[in-house]
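So the structure is just underneath, and the comments pick up after that.
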Protein chains: 2
Amino acid sequence: MPEATEWSKGGRPPRLSRAEIVAAAKAVVEGEGIEKLTMRRLAREVGSTPMALYRHVRDRQGLLLLLLDDAAERIPRPDLPTDPAERVIEASTAMRDGLAEVPWIVEVLVSDDLLSTAALWYPEAVVDAAIRAGLDESQAVQAYRTIWYYTAGEIVVRAAAGRRAADGTGTHREAVFAAIDAGRTPRLAAIGDRWPALAGRDTYREGLRALVDGLLRPVAQSE
Amino acid sequence: MPEATEWSKGGRPPRLSRAEIVAAAKAVVEGEGIEKLTMRRLAREVGSTPMALYRHVRDRQGLLLLLLDDAAERIPRPDLPTDPAERVIEASTAMRDGLAEVPWIVEVLVSDDLLSTAALWYPEAVVDAAIRAGLDESQAVQAYRTIWYYTAGEIVVRAAAGRRAADGTGTHREAVFAAIDAGRTPRLAAIGDRWPALAGRDTYREGLRALVDGLLRPVAQSE
DNA sequence: ACCTGAACACCGTTCAAGT
DNA sequence: ACCTGAACACCGTTCAAGT
């Protein structure tokens with residue numbers, strides 16, 4: 001082969017590729033959870049050595065970010081309604097549903113406000129809706145961040161609750177719960193046993209609606 | 001000593017105490033960060049062996065929860081105004097300021113909606129304010145959770161941003177930022193370089209106010 | 001240019017034994 | 001009752017060497 005392919009310029013042809021590594025990592029994570037994804041295990045999975053991986057990914061955190069990009073690409077992008085409030089609600093709900101399905105999300109979520117190249121449509125949609133509703137750019141970015149905080153918090157806290165339910169690590173929660181006393185926290189005491197059921201509901205959308213109302217309404221009025 | 005003290009009933013007197021362990025853990029975490037807090041290091045710190053610790057704390061996660069309780073106890077509890085919306089805002093701001101000061105909070109925050117016995121005043125204050133504003137108990141719990149999601153998300157995302165700034169791990173964010181293109185995400189492109197400055201502002205309180213407005217306003221109107 | 005082997009400096013936790 | 005020692009089964013990452 002006289003043609004100058006990537007590797008014929010000299011050196012050894014690669015046996016591993018970043019794509020192969022990411023695919024193997026995804027398989028491990030989906031099959032056995034993020035905690036099983038170690039550099040050693042991944043090397044075994046692709047039939048190589050731990051150190052060979054470092055030629056293709058910066059380090060473990062870099063690998064996680066590649067995994068996040070892959071997941072973000074797969075989140076279906078919804079058709080968005082034209083009404084600003086509805087637009088924000090549909091975009092945010094799609095994003096949170098997509099991210100909540102990625103079980104290891106919490107480990108990586110804690111990373112940024114502009115999450116991933118593949119997810120840029122989301123801040124775009126929210127900022128756009130906010131501007132159309134009458135906010136200026138600064139207010140629109142603020143509205144986006146407020147919604148993102150709510151969304152990220154919902155995902156993180158609910159993921160923790162799910163993990164707790166699965167692990168049977170209910171001890172701490174129950175201890176806190178048992179400390180509720182009618183003298184000091186009468187409202188919580190009155191709610192009592194009903195708390196877990198009330199707190200277990202999925203109210204993401206309703207909360208979001210209230211938030212969007214609060215964020216967009218005052219400006220709409222002042223026009 | 002003929003008196004039946006705790007340990008004179010039989011067995012060996014304890015050399016270690018839970019309080020001592022928690023105090024040492026706190027010192028390590030405050031001095032060198034949560035990642036330096038290992039069972040082995042902590043054992044060295046209290047002049048003992050790793051396994052001796054397990055007589056006093058369940059495991060590493062249990063230790064972290066004890067640390068969280070300690071931190072929660074230290075959060076100053078503000079005098080709360082009587083107006084429901086202002087009450088929620090003051091309580092939430094105090095809580096988030098207190099938690100944001102605990103640098104390792106993210107590791108543990110991801111754990112519950114009823115955080116700690118020492119912090120029960122916070123859901124109590126929010127639920128109470130919501131009920132006074134006219135919500136029923138179910139709606140009040142929902143309002144609390146919505147606010148907690150926002151607060152937890154704000155803490156987690158901003159802590160991640162801070163860590164990124166400190167580590168110089170800005171690479172990923174910049175890569176995402178560089179991928180913004182005017183054709184596909186015109187609003188983000190128009191904001192351009194101004195994003196980091198806009199996203200860096202502390203707008204917790206304003207966002208919270210919008211959220212509280214949205215959560216409490218409709219009911220107030222319907223009376 | 002890419003991959004391997006060996007090593008460094010660690011982890012949390014269990015088990016059996018000592019005092 | 002409480003603590004210790006040794007061991008199990010791992011980690012991520014660096015460095016020097018091989019092909």
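One interatomic measurement links the two molecules: CZ of B:Arg40 to C1' of C:dT13, which rounds to 9 Å at whole-angstrom precision. Atom CE in A:Met51 sits about 13 Å away from atom C1' in D:dA17, given to the nearest Å. In this structure, CZ of A:Arg60 is placed 18 Å from C1' of D:dT14, rounded to the nearest angstrom. What separates CZ of A:Arg18 from P of C:dC2 is a distance of 12 Å, to the nearest Å. Between B:Leu37 atom CG and C:dG12 atom P there is a gap of 8 Å when expressed in whole angstrom units. The separation between B:Arg55 atom CZ and C:dT14 atom C1' is 12 Å, rounded to whole Å. One interatomic measurement links the two molecules: CE of B:Met39 to P of C:dT14, which rounds to 10 Å at whole-angstrom precision. Separating the NZ atom of B:Lys36 from the P atom of C:dG12 is a distance of 12 Å, rounded to the nearest angstrom.
Of the candidate nucleotides D:dC3, C:dT13, D:dT13, D:dC3 has the atom lying nearest to any side-chain atom of B:Leu16. Of the candidate nucleotides D:dC3, C:dC3, C:dT13, C:dC3 has the atom lying nearest to any side-chain atom of A:Ser48. Checked against C:dT13, D:dT4, C:dC3, the side chain of A:Ala52 finds its nearest nucleotide in C:dC3. Closest to the A:Thr38 side chain, of the nucleotides D:dC15, C:dC2, D:dC11, is D:dC11. The side chain of A:Tyr54 sits closest to D:dG12 out of D:dC3, D:dG12, C:dG12.
Electrostatic pairing of A:Glu206 and B:Arg145 does not count as a salt bridge here, judged by no charged N lying under 4.0 Å from a carboxylate O. Taking a cutoff of 4.0 Å between a charged side-chain nitrogen and a carboxylate oxygen, A:Arg96 and A:Asp202 qualify as a salt bridge. A salt bridge links A:Arg41 with A:Glu32: at least one charged nitrogen is closer than 4.0 Å to a carboxylate oxygen.
The side-chain heavy atoms of B:Ser138 and A:Arg201, taken from C-beta on, include a pair separated by under 4.5 Å.
For the C1' atoms, the distance linking D:dC10 with C:dA7 amounts to 16 Å, nearest Å.
Not one side-chain nitrogen or oxygen of B:Arg41 sits closer than 4.0 Å to the OP1 or OP2 atom of C:dC10. Regarding contacts with the backbone of C:dC3, a side-chain N or O of A:His56 is found under 4.0 angstrom from either OP1 or OP2.
Both B:Thr49 and A:Pro50 sit near DNA chain D, but only B:Thr49 has its closest nucleotide nearer the 5' end.
Under the Watson-Crick and G-U wobble criteria, each requiring two contacts below 3.5 Å, nucleotide C:dG18 is paired to D:dC2. With a cut-off of 3.5 Å on both Watson-Crick or G-U wobble distances, the partner of D:dG12 is given as C:dC8.
Remark: the backbone N or O of A:Leu188 is paired with a side-chain donor or acceptor of B:Glu124 at under 3.5 angstrom.
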